[in-house]
Amino acid sequence: MQPYNLGNSKKTEVKQMFGAIAPTYDKLNHRLSFSIDKLWRLRVVNCLKHLPKSARVLDVATGTADLAILISKRLSLSVVGTDLTPEMLEIGRQKVTAARLANRVSLQEADSENLPFDDESFDAVTVAFGVRNYENLDAGLSEMCRVMRKNGRMVILEFSRPQSFPFKQLYMFYFKHILPVLGGQVSHDKKAYEYLPASVLEFPCGEAFEEHLTRVGLTPVMRKELTFGISTIYVAEKR
């Protein structure tokens with residue numbers, strides 16, 4: 001599916017959507033998730049604690065660089081963040097500068113399905129809430145695998161679908177009916193926040209997503225549901 005259904009490619013419309021909502025993106029993310037998204041990102045960082053200080057990390061679909069900054073702050077690692085949307089990256093650069101991390105965190109515009117890096121350039125690759133926006137999921141995962149060194153670790157944080165009653169029902173009501181209204185009021189782009197729940201419902205979560213990881217040459221080693229299954233962390237390694 002696509003955010004606006006204007007006849008353009010999904011990649012073009014996703015870039016347009018994130019460019020439009022960039023000024024309110026951070027505020028809405030934290031408000032609509034009740035700031036639980038910050039705790040989820042910390043769980044991603046914990047999956048990288050084994051890395052040596054010399055390690056290089058690539059954060060794909062970095063957005064405004066929340067995860068890239070957190071990784072560098074907590075683990076003192078060098079991080080490269082890439083994203084398709086220049087408006088998001090500009091906000092990210094301001095945050096990197098404010099955090100005094102310009103010597104360790106660099107951001108650049110890049111297509112996740114055609115990354116501008118040599119083979120095996122990074123020790124780890126991360127993505128937070130980005131893979132469901134890929135136009136071609138396997139192409140994006142394959143590129144991330146390509147630029148990761150052997151025995152490297154990929155950590156992906158993505159929305160999933162709660163299954164237990166009554167949380168499933170409450171969550172879906174909020175996701176389908178409350179979130180688009182609140183998101184639309186603040187961002188002035190209701191379509192963007194209608195796309196969010198729809199894209200989650202279409203995404204192959206759980207074992208289905210791990211099949212995609214295996215298909216591109218990765219070995220899934222952990223899958224952890226967070227906050228009753230609202231999101232899931234996937235950890236895979238390149239062997």
Side-chain angles (χ1 to χ4, degrees), residues 1-38 40-41 60-67 83-92 111-113 127-141 156-206 208-209 212 225-234:
M1 69 161 300
Q2 298 172 195
Y4 302 116
N5 294 311
L6 297 175
N8 301 313
S9 67
K10 179 178 180 177
K11 192 176 299 183
T12 297
E13 294 202 3
V14 164
K15 183 176 182 177
Q16 177 186 348
M17 179 189 74
F18 281 110
I21 66 175
T24 59
Y25 181 77
D26 283 338
K27 180 169 68 175
L28 271 173
N29 257 8
H30 305 323
R31 181 182 298 179
L32 294 174
S33 71
F34 306 100
S35 290
I36 297 172
D37 63 308
K38 297 178 182 179
W40 294 339
R41 288 186 180 88
V60 181
T62 196
T64 61
D66 273 352
L67 182 55
D83 201 274
L84 195 63
T85 310
E87 293 88 345
M88 299 285 276
L89 289 170
E90 180 54 37
I91 294 171
D111 181 355
S112 58
E113 297 166 34
V127 189
F129 308 116
V131 291
R132 75 179 188 285
N133 297 317
Y134 290 179
E135 187 165 61
N136 185 318
L137 178 58
D138 285 351
L141 294 175
I156 296 172
L157 172 64
E158 190 52 88
F159 285 114
S160 46
R161 300 184 287 276
Q163 299 300 316
S164 60
F165 177 86
F167 194 77
K168 174 183 178 181
Q169 287 72 21
L170 292 170
Y171 171 76
M172 292 311 300
F173 179 80
Y174 172 77
F175 218 40
K176 287 183 175 181
H177 303 290
I178 306 299
L179 185 148
V181 173
L182 294 177
Q185 286 176 346
V186 176
S187 70
H188 306 295
D189 191 337
K190 188 179 179 183
K191 284 285 186 183
Y193 286 89
E194 289 175 344
Y195 165 80
L196 171 60
S199 66
V200 173
L201 291 175
E202 284 195 354
F203 186 72
C205 61
F209 180 63
H212 286 269
E225 293 183 357
L226 307 175
T227 317
F228 305 103
I230 293 179
S231 67
T232 300
I233 286 182
Y234 303 89

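E158 contributes a side-chain N or O that, together with a main-chain N or O of V131, makes up a donor-acceptor pair within less than 3.5 Å. E13 places a side-chain N or O within donor-acceptor distance of the main-chain N or O of N5, the cut-off being under 3.5 Å.
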**OP:** Check the pair I230, F175 against side-chain contact (heavy atoms from CB on, under 4.5 Å), reporting the backbone distance first and the verdict last.
**Re:** CA-CA 10 Å; I230 293 179; F175 218 40; over 6 Å; no

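Atom-to-atom distance recorded for T227:OG1 and I36:CD1 is 5.0 Å, nearest 0.5 angstrom. To the nearest 0.5 angstrom, L179 atom CG is 12.0 Å from R31 atom CZ. The CD atom of E87 sits 8.0 Å away from atom NZ of K15, with the distance rounded to the nearest 0.5 Å. The CE atom of M17 sits 8.0 Å away from the OG1 atom of T85 when rounded to the nearest 0.5 Å. Taking CG of D83 as the start and OG1 of T64 as the end, the distance is 9.0 Å to the nearest 0.5 Å. Atoms CD1 and CZ, from I233 and R41 in turn, are 11.0 Å apart once rounded to the nearest 0.5 Å.
Of all heavy-atom pairs between S33 and D37, the closest is OG-OD1, 2.7 Å. Considering all non-hydrogen atoms of both residues, L157 and S231 come closest at CD1-OG, 3.9 Å. When all heavy atoms are compared, the tightest approach of G183 to L28 is O-CD1, 3.8 Å. The shortest non-hydrogen separation linking D111 to L84 is CA-CD1, 4.0 Å. Smallest separation of non-hydrogen atoms from E135 and S9: OE2-CB, 3.0 Å. Taking both residues in full, the closest heavy atoms of E113 and N136 are given as OE2-N, 3.1 Å, listed atom of the first, atom of the second, then distance.
Residue pairs that meet the side-chain hydrogen bond (donor to acceptor under 3.5 Å, both in side chains) test with at least one member in residues 159-183, sequence neighbours left out, are S160-T232.
Here the side chains of L67 and T62 are not in contact, with every heavy-atom distance at 4.5 Å or above. By the 4.5 Å heavy-atom criterion applied to side chains, F228 and L170 are not counted as neighbours.
Heavy-atom contacts from other residues, nucleotides or ligands closer than 6.0 Å to NZ of K191 number 12 or fewer.
Ring orientation note: the planes of Y25 and F18 are nearly perpendicular, at an angle over 60° on the 30°/60° scale.
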Please list, one pair per line, the donor and acceptor atoms closer than 3.5 Å that link side chains of residues 193-206 to other protein atoms, with sequence neighbours excluded.
unit_1 : atom_1 : unit_2 : atom_2 : d
Y195   : OH     : N133   : OD1    : 2.7
S199   : OG     : R132   : NE     : 2.8
S199   : OG     : Y195   : O      : 3.2
S199   : OG     : L196   : O      : 2.8
E202   : OE1    : M1     : N      : 3.3

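Under 3.5 Å, the side chains of N8 and T12 contain no donor-acceptor pair of N or O atoms.
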